[in-house]
Engineer: 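First the structure, then my questions, so here it is.
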Amino acid sequence: MLVMKNNKIPARKDVPQKDKWNLSSIYKSDDDWENALKKLPELTDKAASFKGKFSESDKTFLNALKALEEVNLLMETVYHYASLQHEADEDDPKATDREGRAMMAYTQMQAALSFVEPEIQEMDEAKLREWINLPSFADYKIYIEKLLHFKKYILSEKEERILSLQMQTAQTPDTVFSVLTNVDINKTFGTVKIDGKEQPLTETTWGVMMHNHDRKVREEAYKKFYAKYEEHQNSIAALYAGSVNQDVFNVRARGYDSSLQAALYGNKVPLSVYHNLIDCIHKNLDTLHDYYSLRKKALGLKELRHYDVYVPLVKSVETRTTYEESVEICRNALAPLGKEYTDRLCNGLLNGWADRYENIGKRSGAFSSGSYIGDPFILLNYNEENIRDVFTMAHEGGHSMHSWYSVHNNPFMCYDYTIFEAEVASTFNEELVFKYLLSQAEQGKDANGKPCKDAKALRKYLLAMRADDILATLHRQTMFAEFELKAHEFVEQGTPLTAELLRKTYRELLELYFGPEMHFESNSDMEGSRIPHFYSAFYVYKYATGISAALALAQRVTTGGEKEREDYFKFLKSGGSRYPIESLKIAGVDMESVEPVQAACDTFKKIVDELKTLL
């Protein structure tokens, strides 16, 4: 574990190299990155030289596609390297400069090549389809077919160029929000007294403190945390309003019916999938409310407060797990997927795929980021005292392995899978980790396979934790999804977003989802101001649909045979070669049906009912 000196978060320069990701599979050095960046204008000009020539012949069109592939592959690689460095240390001016220059290069490339999609749209469709069925177009066929799907929403060349030119400006709300919360506000939370010592309160340690069994610690951390957010409520509300306004601008510029339709259209996800999710969760809120009643009782509280919802319900279970031990848990838990899968993932986690621990300026939370060139990389802020971080490791590992299989089974122009699919692969891994740890407890073993003094308590702990995890992914993300939908509908209907309106809307959802047992603070609704995913509109619902599909597939794979496992690998390998609903059907689950969501709700209810008998 990375040791903090004097309870202070280390600077990036003080983090051992073994705990950082190794980006040499992308570029060996920053100088190599600089040289690659310099090549972009030349490759952009090469691709742009085909302007007006796409229809000349199949050979000319194929050469144009190859030129587009070459420049887009280099651009993706250049930006990926720069963005990873920036995410690891937003305080590093050189990393910030590289990320900014990469974004500028991307904007310039997009502007220069803004003619591409309109020109393809204007081609004779019969001739175009004849060409892409030729063997020489195999690597580009799916790209063209997906592009044709957008045909009615592609604008003229000049209009597309204007939209491309404002891409960098459009990122301002997200960029400013990230710097404001991860750097500026993150330095001002102060400290919280734990066991007589002042500990730094940060975006990352706040989550740890919410798991602390000392209620005074949770209360102090919660109130200090949201007090700082409340101080910036108007600025943050303005940033989020800017993000939503940008979404609505794009919708109106292209002619979509709504922001939701625009977000779902590209993946051919029916609007009913989104609305069915919210409706199904609403119909099952009684179980969620029962859970909070159970939590209040188990914690022995006269009233349940918002800072009481994350602390583990079972106090007696030790959950300390080192990073290396977590890797081995993942290896054992994911064994149903085969040795090739587990060896590749675990070797990566131990040898440069992961940036393990928190440092000053590092983005909070966790993510996996892959590109066609280089390894898939994982950002963690691992804490060995929180067993949830084992699940986080498995979750992000699922993303990374999905990326690995997609890259190695598809050409560049159609390797990238959708977020809708990504959350299946990641949550699938979480479910297998839960099943493995529960099985260990039933055999009298702890998380690391050692004899457990109180296996019954461990079993209760795991069930309670799994209930929390399903709740966080299924119910909580659906609440977020409902908030996003309401916010966008306000703007679409002509109502401006203000701090007051956003807080009121979010509070109403808090009260609906948490039910009558929960007592909120006056500023509990500030929670809605700190969710970074809101700056990628209509992203979070995919967590909820993802866990619904993942629970179904995990059950199918672990109880099935070779066919079921191979069906799952067909899904992992499909990359962007199919639309997500179709690829999931191949894996064995139909997300157009409400059944997977209801089944996930039933799973949650089963765990809650079991906890009622144990706690």
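Along the sequence shown, residues carry numbers from 1. These numbers were taken from a predicted model, which means no experiment stands behind them.
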Engineer: Kindly say whether the aromatic ring centers of Phe377 and Trp353 come within a distance under 6.0 Å.
Structural biologist: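 Here the rings of Trp353 and Phe377 have centres that are no less than 6.0 Å from each other.
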Engineer: Looking only at side chains, do Tyr415 and Asn409 share a donor and an acceptor under 3.5 Å apart?
Structural biologist: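 Asn409 and Tyr415 do not have a side-chain donor-acceptor pair below 3.5 Å.
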Engineer: Can you establish whether the number of heavy atoms outside Lys151 located under 6.0 Å from its atom NZ is more than 12?
Structural biologist: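 Yes - once you tally the heavy atoms of other residues, nucleotides and ligands closer than 6.0 Å, there are more than 12.
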Engineer: Where does the angle between the aromatic ring planes of Tyr341 and Phe569 fall among parallel (under 30°), tilted (30 to 60°) and perpendicular (over 60°)?
Structural biologist: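 Correct class here is perpendicular.
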Engineer: Between Tyr143 and Glu69, is there a side-chain donor-acceptor contact under 3.5 Å, judged purely by atom types and distance?
Structural biologist: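 Looking only at side-chain atoms, Tyr143 and Glu69 do not form any donor-acceptor pair under 3.5 Å.
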Engineer: Any chance CZ of Phe434 has more than 12 other-residue heavy atoms, nucleotides or ligands included, within less than 6.0 Å?
Structural biologist: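 More than 12 within 6.0 Å, yes.
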Engineer: Answer yes when Glu34 and Arg101 have at least one side-chain N-carboxylate O distance shorter than 4.0 Å, and no when they do not.
Structural biologist: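 Counted as a salt bridge, because a side-chain N and a carboxylate O are separated by less than 4.0 Å.
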Engineer: State, yes or no, whether a side-chain contact exists between Asp184 and Val179 at a heavy-atom distance under 4.5 Å.
Structural biologist: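 Yes; the side chains approach each other to less than 4.5 Å.
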Engineer: Measure the CD-CG distance between Gln199 and Leu201 for me, rounded to the nearest 0.5 Å.
Structural biologist: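 Answer rounded to 0.5 Å: 11.0 Å.
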Engineer: Could you check if a side-chain atom of Tyr265 sits within less than 4.5 angstrom of a side-chain atom of Tyr153, using non-hydrogen atoms only?
Structural biologist: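 When only atoms from C-beta onward are counted, Tyr153 and Tyr265 do touch, with a gap below 4.5 Å.
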Engineer: In the structure I gave you, are the side-chain heavy atoms of Tyr357 and Val15 within less than 4.5 Å of one another anywhere?
Structural biologist: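 Side chain of Tyr357 against side chain of Val15, heavy atoms only: no contact under 4.5 Å found.
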Engineer: With no hydrogens and no angle check, is any side-chain donor or acceptor of Ser25 less than 3.5 Å from a backbone partner on Asp375?
Structural biologist: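 Checked: pair present.
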Engineer: Side chains of residues 237-247: which donor-acceptor pairs under 3.5 Å do they make with residues two or more places apart or in other chains?
Structural biologist:
from, atom 1, to, atom 2, distance (Å)
Asn245, ND2, Ala241, O, 3.1
Gln246, NE2, Gln166, OE1, 2.9
Asp247, OD2, His488, NE2, 2.8

Engineer: Kindly assign one of parallel, tilted or perpendicular to the pair Trp33 and Tyr81, based on the angle between their ring planes and the thresholds 30° and 60°.
Structural biologist: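 If you compare the ring of Trp33 with that of Tyr81, the planes turn out parallel.
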Engineer: Within the 3.5 Å criterion, strictly below it, is a donor on Glu423 or Ser426 matched to an acceptor on the partner's side chain?
Structural biologist: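 Yes, side-chain donor-acceptor contact under 3.5 Å.
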Engineer: Between Lys66 and Phe61, is NZ or CZ placed under 6.0 angstrom from the six-membered ring centre and within 45° of the ring axis?
Structural biologist: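 The answer is no, since Lys66 fails at least one limit relative to Phe61.
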Engineer: Taking the six-membered ring for Trp and the single ring otherwise, decide whether the centroids of Phe534 and Phe483 are under 6.0 Å apart.
Structural biologist: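 Yes: the rings meet the under 6.0 Å criterion.
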Engineer: So does Pro580 get a backbone contact from the side chain of Asn267, meaning a donor-acceptor N/O pair under 3.5 Å?
Structural biologist: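 The answer is no, because no donor-acceptor pair under 3.5 Å joins these two groups.
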Engineer: Indicate yes or no: at least one non-hydrogen side-chain atom of Gln85 is less than 4.5 angstrom from one of Asp30.
Structural biologist: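 SC-SC contact between Gln85 and Asp30 confirmed.
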Engineer: Does any donor atom in the side chain of Ser400 or Ser368 lie under 3.5 Å from an acceptor atom in the other side chain?
Structural biologist: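 Indeed, the side chains of Ser400 and Ser368 share at least one donor-acceptor pair under 3.5 Å.
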Engineer: Checking the side chain of Ser577 only, and the main-chain atoms of Ser574 only, is there a donor and an acceptor separated by less than 3.5 Å?
Structural biologist: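 Judged by distance alone, yes, a pair lies under 3.5 Å.
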Engineer: When you measure from the side chain of Thr322 to the backbone N and O of Glu325, does any donor-acceptor pair fall under 3.5 Å?
Structural biologist: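 Judged by distance alone, yes, a pair lies under 3.5 Å.
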Engineer: Any side-chain heavy-atom pair from Leu180 and His232 closer than 4.5 angstrom?
Structural biologist: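 Heavy-atom side-chain distance check passes, below 4.5 Å.
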Engineer: Which class fits the ring pair His402 and Tyr417: parallel under 30°, tilted 30 to 60°, perpendicular over 60°?
Structural biologist: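 Ring orientation of His402 relative to Tyr417: parallel.
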Engineer: How about Glu421 and Ser583: does a side-chain donor come under 3.5 Å of a side-chain acceptor?
Structural biologist: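 Present: a donor and an acceptor within the cut-off.
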Engineer: Can Asn182 and Arg363 be counted as having a side-chain donor-acceptor contact under 3.5 angstrom?
Structural biologist: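 Checked: Asn182/Arg363 side chains show no N/O donor-acceptor pair below 3.5 Å.
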Engineer: Taking the side chain as every heavy atom from C-beta outward, state whether Ile360 and Pro10 have any atom pair closer than 4.5 Å.
Structural biologist: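 Not touching, per the 4.5 Å side-chain cut-off.
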Engineer: Salt bridge between Arg331 and Asp343, side-chain N to carboxylate O under 4.0 Å?
Structural biologist: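 Asp343 and Arg331: salt-bridged.
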Engineer: Can you say whether the rings of His533 and Tyr543 are parallel (under 30°), tilted (30 to 60°) or perpendicular (over 60°)?
Structural biologist: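 Geometry flag for Tyr543 against His533: tilted rings.
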Engineer: Is a donor from one side chain sitting under 3.5 angstrom from an acceptor on the other, for Tyr106 and Gln168?
Structural biologist: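 On atom types as modelled, these side chains do not qualify, holding no pair under 3.5 Å.
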Engineer: Would you say the rings of His399 and Phe367 are close, in the sense that their centroids are separated by under 6.0 Å?
Structural biologist: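 Ring centroids of Phe367 and His399 are no less than 6.0 Å from each other.
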Engineer: Could you give me the CA-CA distance, side-chain angles and deciding distance for Ser326 and Thr321, then say whether side chain to side chain donor-acceptor pair (under 3.5 Å) is met?
Structural biologist: CA-CA 6 Å; Ser326 290; Thr321 311; 5.2 Å; no
Engineer: Would you give the length of the straight line joining atom CE of Met75 to atom CG of Leu113, rounded to the nearest 0.5 angstrom?
Structural biologist: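 Interatomic distance, Met75 CE to Leu113 CG, rounded to 0.5 Å: 11.5 Å.
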Engineer: Looking at Trp21, does the NZ or CZ of Arg356 lie under 6.0 angstrom from its six-membered ring centre and within 45 degrees of the ring axis?
Structural biologist: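 No - Arg356 does not lie over the ring of Trp21 by the 6.0 Å and 45° rule.
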Engineer: Say whether Asp31 and Ser29, considering side chains only, have a donor N or O and an acceptor N or O under 3.5 Å apart.
Structural biologist: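 The criterion, which ignores hydrogens and geometry beyond distance, is not satisfied for Ser29 and Asp31.
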Engineer: Within this structure, what is the CH2-CG distance for the pair Trp131 and Leu65, rounded to the nearest 0.5 Å?
Structural biologist: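 One gets 10.0 Å once the value is rounded to the nearest 0.5 Å.
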Engineer: Please report the closest heavy-atom contact between Ser259 and Val248, naming both atoms and the distance.
Structural biologist: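 Minimum heavy-atom contact is OG-CG2, 3.8 Å.
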Engineer: Determine whether Phe137 and Leu62 make a side-chain contact, defined as any pair of heavy atoms from C-beta on separated by less than 4.5 Å.
Structural biologist: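 They are in contact (side-chain heavy atoms under 4.5 Å apart), so the answer is yes.
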Engineer: Does a donor on one side chain and an acceptor on the other come within less than 3.5 Å for Glu358 and Thr202?
Structural biologist: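 Their side chains do contain a donor-acceptor pair, which is all the 3.5 Å distance test asks for.
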Engineer: Would you please test Glu484 and Tyr541 for side chain to side chain donor-acceptor pair (under 3.5 Å) and show each step?
Structural biologist: CA-CA 10 Å; Glu484 281 191 287; Tyr541 88 96; over 6 Å; no
Engineer: Determine whether the side chains of Thr181 and Tyr229 contain a donor N or O and an acceptor N or O closer than 3.5 Å.
Structural biologist: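 Thr181 vs Tyr229: no donor-acceptor pair found between side chains.
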Engineer: Where do His408 and Trp404 come nearest, in terms of heavy atoms and distance?
Structural biologist: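 Looking at all heavy atoms of both residues, the closest pair is ND1-O, 2.8 Å.
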Engineer: Okay, side chain of Asn359, backbone of Ile9: is any donor-acceptor separation there less than 3.5 Å?
Structural biologist: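 No; zero donor-acceptor contacts below 3.5 Å.
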Engineer: For Phe54, does its backbone N or O pair with a side-chain atom of Glu119 as donor and acceptor, under 3.5 Å?
Structural biologist: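 The answer is yes, because a donor-acceptor pair under 3.5 Å joins these two groups.
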Engineer: Gln108 and Thr44: side-chain donor and acceptor closer than 3.5 Å?
Structural biologist: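 No donor-acceptor contact under 3.5 Å links the two side chains.
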Engineer: Check whether any side-chain heavy atom of Met209 lies under 4.5 Å from a side-chain heavy atom of Thr205, and answer yes or no.
Structural biologist: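 Contact flag for Met209/Thr205 side chains = yes.
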Engineer: Angle between ring planes, Phe571 versus Tyr568, binned at 30° and 60°: parallel, tilted or perpendicular?
Structural biologist: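 The arrangement is tilted - the two ring planes meet at 30° to 60°.
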Engineer: Regarding His80 and Ser371, is there a side-chain donor-to-acceptor distance under 3.5 Å anywhere?
Structural biologist: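 Looking only at side-chain atoms, Ser371 and His80 do form a donor-acceptor pair, the distance falling under 3.5 Å.
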Engineer: Calculate, to the nearest 0.5 Å, the distance between atoms CG and CG belonging to Leu147 and Leu128 respectively.
Structural biologist: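 So the gap between those two atoms works out to 8.5 Å.
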Engineer: Going from CD1 on Ile329 to OH on Tyr436, what distance comes out if it is rounded to the nearest 0.5 angstrom?
Structural biologist: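 So the gap between those two atoms works out to 7.0 Å.
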Engineer: With the threshold set at 4.0 Å, does a side-chain nitrogen-carboxylate oxygen contact exist between Asp469 and Arg388?
Structural biologist: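 Yes, charged N to carboxylate O under 4.0 Å.
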Engineer: Is it true that Gln110 and Thr107 share a donor-acceptor pair across their side chains at a distance under 3.5 Å?
Structural biologist: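 Distance-only check fails for Thr107 and Gln110.
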Engineer: For the CG atom of Leu74 and the CE atom of Met109, what is their distance to the nearest 0.5 Å?
Structural biologist: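 Taking CG in Leu74 and CE in Met109, the distance rounds to 9.5 Å.
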Engineer: In this structure, are over 12 heavy atoms from other groups packed under 6.0 Å from Arg161 atom CZ?
Structural biologist: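 Not more than 12 within 6.0 Å, no.
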Engineer: I'd like to know if Glu203 and Arg530 make a salt bridge, using a cut-off of under 4.0 Å between side-chain N and carboxylate O.
Structural biologist: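 Salt bridge between Glu203 and Arg530, a charged N being under 4.0 Å from a carboxylate O: yes.
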Engineer: Side chain of Lys146, backbone of Gly576: donor and acceptor closer than 3.5 Å?
Structural biologist: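 Side chain of Lys146 to backbone of Gly576: a pair is present.
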Engineer: Between Glu90 (side chain) and Thr96 (backbone), is there a donor-acceptor pair under 3.5 Å?
Structural biologist: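 Side chain of Glu90 to backbone of Thr96: no pair is present.
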Engineer: Closest heavy-atom contact between Leu380 and Ala354?
Structural biologist: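 So the minimum-distance heavy-atom pair works out to CD1-CB, 4.4 Å.
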Engineer: Got a donor-acceptor contact below 3.5 angstrom from the His149 side chain to the Glu145 backbone?
Structural biologist: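 No; zero donor-acceptor contacts below 3.5 Å.
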Engineer: Return the minimal non-hydrogen interatomic distance between Val424 and Ala550, and the atom names on each side.
Structural biologist: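 Taking Val424 first and Ala550 second, the nearest heavy atoms are O-CB, 3.6 Å.
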